[in-house]
Protein chains: 2
Amino acid sequence: MGVTLKQLAASLGLSPTTVSRALNGFPEVSAATRQRGEEAAARANYHPNTRAKSLATGRAQAIAHVIPVSTSHEIVNPVFADFIAGAGETYARQGYEMVLRIVPDDAEAAAYRDLVARGSVDGVIVHGPRTRDRRIALLAELGIPFLVHGRTSDVNQPYSWLDINNQRSFHRATQFLIEFGHTRIALINGMAEMDFATRRRNGYLRALEQAGLTPDPALMRHAEMTEPYGYRAAQELVQLPEPPTAFLASSMIVAYGIRRGLSDMGLKLGRDISVITHDDELSYLPNDGDVPTFTATRSSVREAGRRAAAMLLQLVDAPDSGPLSALMETALVLGASTGPAPR
Amino acid sequence: MGVTLKQLAASLGLSPTTVSRALNGFPEVSAATRQRGEEAAARANYHPNTRAKSLATGRAQAIAHVIPVSTSHEIVNPVFADFIAGAGETYARQGYEMVLRIVPDDAEAAAYRDLVARGSVDGVIVHGPRTRDRRIALLAELGIPFLVHGRTSDVNQPYSWLDINNQRSFHRATQFLIEFGHTRIALINGMAEMDFATRRRNGYLRALEQAGLTPDPALMRHAEMTEPYGYRAAQELVQLPEPPTAFLASSMIVAYGIRRGLSDMGLKLGRDISVITHDDELSYLPNDGDVPTFTATRSSVREAGRRAAAMLLQLVDAPDSGPLSALMETALVLGASTGPAPR
DNA sequence: CGCAATCCCCAAACCGCTTTGGACAATCGC
DNA sequence: GCGATTGTCCAAAGCGGTTTGGGGATTGCG
C-alpha cells in the first residue's frame, strides 16, 4: 500500500489540508511550503488513493468501454484492440483510467445500469452500434456522458458520436470501380444489423444507381467478418453464371479471405479481378509500402480512438458543451488489387 | 447518480448499518428485514458505490491488465483482444472490474508504481513477457499479487504464470515435419526478445538436433508478427539456393503472409511446400472445419484468459496460496497445409 | 416472576481524500 | 497607530460505504 496524505503531512509537520492544497496547486499555500510538499511527495512516491479522491470529488476519473459480444457469434472484433490503444493514449495523458467491460448482448442494459448506479465511471464509449440501437436511449436516460464509436440510424434524439464516412467511402470506391468499367461488383459486408454495414451498402447502392446499374442481391453478402467468410464468398460468387469482376470488402481480414479464394481459383488480383477493401490501419495488418497490396478506403482506427476519447473527456468536463460529433473522411488509396474490368 | 445506502435505509425506516448487513448476508438481521431490504434494493436499482465500498473494505475489486506497446513498433498484439475477452468473463462472474493500461515500454515501471501507490487494483496481469523481464522483480518488490501470461527465463524468484507449452509445441511440429521427410525447415518467429519466441525456437532446435540435422541460421527469422513479414520471409527464403520445404509460423497472421508469398510463387500448400502455424483460436481467424486450412499447434487464448483471471483472483483472495502456475498443452491438429517433402 | 441470554437493530468511527469556514499573523491604507 | 486586508495554515465536515460496540426488546429458564 502507498503512503497516505495524513502520513505525508505528519512527516512534514503540516496538516493534510495544507499538503493537499500544495499538491493540487491551490493559491493559499506559500511557495516554500508547496515546494516542500512536492519534494516530500516525490520522495515518498506519494500518489493520492484513487478511490478516496474520487469519493471526495465525486468524479471517478475513469471511462468505461463496453464491448458487446454477440452471444451467437462470440466474435471479438479485432479493431477494438487498436481503437482502445488510441483511446488509452489520451486517457493516460489526462489522468484517466480505462475500464473495460465485455458483455454478451443480452446483458448490455444491465451492464450500463450497473456501471452508472455504482458510479464507477464518468463516461462511457459505446462500441459496435447497430442500425437500431437501444443503448443510446438507455444511456441518455441514465444521464451519463457517452460517445458512440460509429452511429445509429433510427434514433431521433441527439447524441455524441465519432464515425468515419462509411457511405461516402463506399460510394467513392464503387464509383471508382465503375469508372474502370466494372458493372458487376460484389459487396462482402459486415453483419446486416451493424450500422456501418448499412451505411456502406447505401453508398454502394447509390453509386450503382447513379451509374444506371441495377444491384443484384446475389452479389451482396452480410456476415461476421472472418477470413473464411471472405474465402467462401469469393469462391461461390466467382462460380455464378454471371460472376462479378470486382469485390468490395468491409475489412482487411475479409479481403485476405477473398484474395485467397480468388487465387485458389487461379485469378490474379488487379488483372483478372479487382478488390477494394476498407483498411482500418491495424498495426499488424499493414497495407502500405510504395504500392499497397490492396486498393483501400483507409482510415486509422487508432487515431479514431484518440479523438473519441478526447471528445468524451471534454463532454465529461462540460456536459453542456452539447452533443459533439466528428465525421472522419477516409482516403481512397490506390494499391495493386484493382485494374480495369476485363472483357 | 444512483441511490445511496442512506437513502435506501431511510425509505425503509431502517439504519444504514442494518440494510448493509441485510444485503451482504450477515446473520444478525431478521429474515423479514433482509427480504424487505433486498426487495427495496432491487426496486430502486441500488448498487453500492464502488469507490466507497472499496475505500471502506480496502479492496479495489479490480484487476489491471498492463499491455506494453513497443515504442519502436507501436504494434498492438491482436491476441490481447481474445485473451481479455476470456478474462472479462471471469471478472464479470466474480464481480471484478477490469482496468486496462496501454503503456509504452519506456514507461512501464512508472505505470506499475502508480497503479500500486494509488491502490487502484488488487492485482495485475502482465502481458507480453520478454526473455529477460524486469517487471517480475518490480512487481514482487511492490508486493501486489500478479500473474504473467507467458513466462520469463532469467528470473530466479518464483512467480505465478500461465503459459502454453511453447517448446513442446514447436518440438512436436518440427518432429512431425521431419518424419514427413523435411530436412530444411524455416522458422518464422516472433520478436527475438519475446519469451515465447525463445521457447519455440528451443523446441525447434532440439527437434532438429535429435534428428541429426544442423540448423541453418538463414532459415530462422524473428520479427513483429505482421502479415507482410510472413509474405516477405516466404518469398525470400524460397529463392535461396537451397530453399526450405517447410515453414513453421508463430501466428496465423504470419501464416497468412507466408501462404500468400508461396502462392504468389506458384507453390501449393500441402503439396509443394508445408506450413505449420501456431493457432490461438482467435475468433475472427478460425482455422477449423472438417479439414482445417492449416496444420497447427492449437490452443485457445480466450480460454487462457479465463483461466489466468481465475488464478489471479485466487491469488488475490489468498496471497499465500503461493505461486500458482499452469502449463497448457497445445493440440497438433492436422490440416491441409502439410504433406510429405517433395523430392 | 425475575434475571440472563438471544435477537435485532442502531450510533458512531473509520477508510483517505477534498473542501468549507474560520483562526492567527503579518501587512496595508489612511 | 489602528482597523481592515491579505497571506498561511488548520479543524472539521463530508463523500458512501463497512464495521465495532453497544442497547432495547423478546425469549428462555429456574
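Letters A, B, ... mirror the listed sequences (proteins, then strands); counts begin at 1. All values reported here derive from a predicted model rather than from experimental measurement.
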request  = Can you sort out which residues in residues 15-33 of chain B have a heavy atom within less than 4.0 Å of DNA chain C? Ascending by number, please.
outcome  =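 Going residue by residue through residues 15-33 of chain B, the ones with a heavy atom under 4.0 Å of DNA chain C turn out to be B:Ser15, B:Thr17, B:Thr18, B:Arg21, B:Glu28, B:Val29, B:Ser30, B:Thr33.
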Can you measure [X] atom [atom1] to [N] atom [atom2] for me and round it to whole angstrom units?
X       : N      : atom1 : atom2 : value
A:Leu55 : C:dC17 : CG    : P     : 12 Å
B:Asn49 : D:dC15 : CG    : P     : 12 Å
A:Leu5  : C:dC15 : CG    : C1'   : 13 Å
B:Leu12 : C:dC10 : CG    : P     : 10 Å
A:Arg59 : C:dT19 : CZ    : C1'   : 16 Å
B:Arg51 : C:dT18 : CZ    : P     : 13 Å
B:Lys6  : C:dC10 : NZ    : P     : 15 Å
A:Gln7  : C:dC15 : CD    : C1'   : 13 Å

Backbone N/O of B:Leu315 and side chain of B:Ser321: donor-acceptor pair under 3.5 Å =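 Side chain of B:Ser321 to backbone of B:Leu315, a donor-acceptor pair under 3.5 Å: no, none is there.
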Salt bridge (charged side-chain N to carboxylate O under 4.0 Å, His left out) pairs, two or more places apart, involving residues 4-32 of chain A =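 Found none.
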request  = Please list all pairs passing the salt bridge (charged side-chain N to carboxylate O under 4.0 Å, His left out) test where one or both residues lie in residues 116-126 of chain B, with sequence neighbours left out.
outcome  =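 Every salt bridge (charged side-chain N to carboxylate O under 4.0 Å, His left out) pair that includes a residue of residues 116-126 of chain B, provided the two are not neighbours, is B:Asp114-B:Arg118.
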task = Would you kindly say whether A:Asp195 and A:Thr152 are connected by a side-chain donor-acceptor distance under 3.5 Å?
result =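 No donor-acceptor contact under 3.5 Å links the two side chains.
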ask   = What is the bend of the helix from C:dC1-D:dG30 to C:dC30-D:dG1 when you compare the axis at one end with the axis at the other, using five pairs each and rounding to 10°?
value =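 It works out to 50° between the end axes.
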Is [X] salt-bridged to [Y], going by a charged N under 4.0 Å from an acidic O?
X        : Y        : result
B:Arg134 : B:Glu108 : no
B:Arg51  : A:Glu97  : no
B:Arg59  : B:Asp317 : yes

Run the side-chain donor-acceptor check on residues 76-83 of chain B: report pairs under 3.5 Å with partners two or more places apart or on a different chain.
from: B:Asn77; atom 1: OD1; to: B:Val79; atom 2: N; distance (Å): 2.9
from: B:Asp82; atom 1: OD2; to: B:Ser283; atom 2: N; distance (Å): 3.4

request  = Would you please name every residue forming a side-chain hydrogen bond (donor to acceptor under 3.5 Å, both in side chains) with B:His65, sequence neighbours left out?
outcome  =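 Once residues adjacent in sequence are excluded, the partners of B:His65 under the side-chain hydrogen bond (donor to acceptor under 3.5 Å, both in side chains) criterion are B:Tyr91, B:His127.
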task = Could you pick out which residue, B:Ala52 or B:Gly13, lies toward the 5' side of DNA chain C when each is mapped onto its nearest nucleotide?
result =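 Counting from the 5' end, the first nearest nucleotide belongs to B:Gly13.
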OP1 or OP2 of C:dC17 under 4.0 Å from side-chain N/O of A:Tyr46 =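 Answer yes for this pair, as a side-chain N or O of A:Tyr46 is under 4.0 Å from OP1 or OP2.
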